[in-house]
Amino acid sequence: LELLKKAKDMEFETAINLIHITNYTEEELDEALKLISRGKPDMIYFADSNGSIFPNKVSSMYSKYTNQYT
C-alpha cells in the first residue's frame, strides 16, 4: 500500500494485479480486497494464471467485487 500511495501521489494511474486467482479462498480474496481498496487503485486485475477458472466463477466474482468496491 505504501508503494501504491507513492504512485498515486505522483499522479500515476495505478493497478493491482492478483495472479493465480483460483488459488485464493473466497475469504482470502475478501480480506485482500479490503486491504487493497484502502489504497484506492485505479484498477484491480484478477489473472487466472492457471487457466482453471470457469465463466460462471468470473461472472460471480465480477458481480460481487464490482458492487462492493465501485
Side-chain angles (χ1 to χ4, degrees):
L1 289 179
E2 184 178 326
L3 185 57
L4 178 60
K5 181 183 178 337
K6 285 180 182 181
K8 290 194 74 69
D9 288 346
M10 293 170 39
E11 299 183 9
F12 283 103
E13 189 170 318
T14 58
I16 299 293
N17 185 354
L18 299 174
I19 62 171
H20 301 288
I21 198 68
T22 55
N23 289 346
Y24 291 90
T25 66
E26 189 170 345
E27 293 78 19
E28 290 170 328
L29 197 53
D30 289 346
E31 287 302 311
L33 289 170
K34 283 180 195 174
L35 178 66
I36 290 166
S37 68
R38 291 194 321 216
K40 296 184 172 51
D42 297 299
M43 178 177 37
I44 300 173
Y45 177 81
F46 292 178
D48 175 29
S49 310
N50 301 326
S52 57
I53 196 167
F54 294 101
N56 63 330
K57 182 67 175 176
V58 171
S59 242
S60 68
M61 290 173 68
Y62 181 84
S63 295
K64 177 179 182 177
Y65 295 119
T66 56
N67 289 331
Q68 284 183 352
Y69 297 104
T70 56

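In what follows, every heavy atom counts, from backbone to side chain, and hydrogens, waters and symmetry copies are set aside.
Between Asn17 and Ala47, the shortest heavy-atom distance links the atoms OD1-CB, 3.8 Å. Closest approach of Ser52 to Thr22, counting heavy atoms only: OG-OG1, 3.2 Å. Considering every non-hydrogen atom in both Thr14 and Lys40, the closest pair reads OG1-O, 4.3 Å.
Distance CD1/Ile36 to CD1/Ile44: 5.5 Å, rounded to 0.5 Å. In this structure, Phe46 CZ and Ile53 CD1 are separated by 8.5 Å, a value rounded to the nearest 0.5 Å. To the nearest 0.5 Å, atom NZ of residue Lys64 and atom CG of residue Leu33 are 8.5 Å apart. For the atom pair CE (Met61) and CD1 (Ile21), the distance works out to 4.0 Å, reported to the nearest 0.5 Å.
Ser60 places a side-chain N or O within donor-acceptor distance of the main-chain N or O of Lys57, the cut-off being under 3.5 Å. Without hydrogens or angle criteria, Glu31 side chain to Glu28 main chain gives no donor-acceptor distance under 3.5 Å.
At least one side-chain heavy atom of Asp30 sits less than 4.5 Å from a side-chain heavy atom of Tyr65. Looking at heavy atoms from C-beta onward, Leu18 lies in side-chain contact with Tyr24 at the 4.5 angstrom threshold. Between Ile16 and Met43, the closest side-chain pair of non-hydrogen atoms is not below 4.5 Å. Taking the side chain as every heavy atom from C-beta outward, Asp48 and Ile19 never approach each other to under 4.5 Å.
Taking Glu11 as the reference, nothing meets the side-chain hydrogen bond (donor to acceptor under 3.5 Å, both in side chains) condition, with sequence neighbours excluded. Legend: residues meeting side-chain hydrogen bond (donor to acceptor under 3.5 Å, both in side chains) with Lys5, ordered by chain and number and at least two apart, are Asp9.
A salt bridge is absent between Glu13 and Lys8: the closest approach of a Lys/Arg side-chain nitrogen to an acidic carboxylate oxygen does not fall below 4.0 angstrom.
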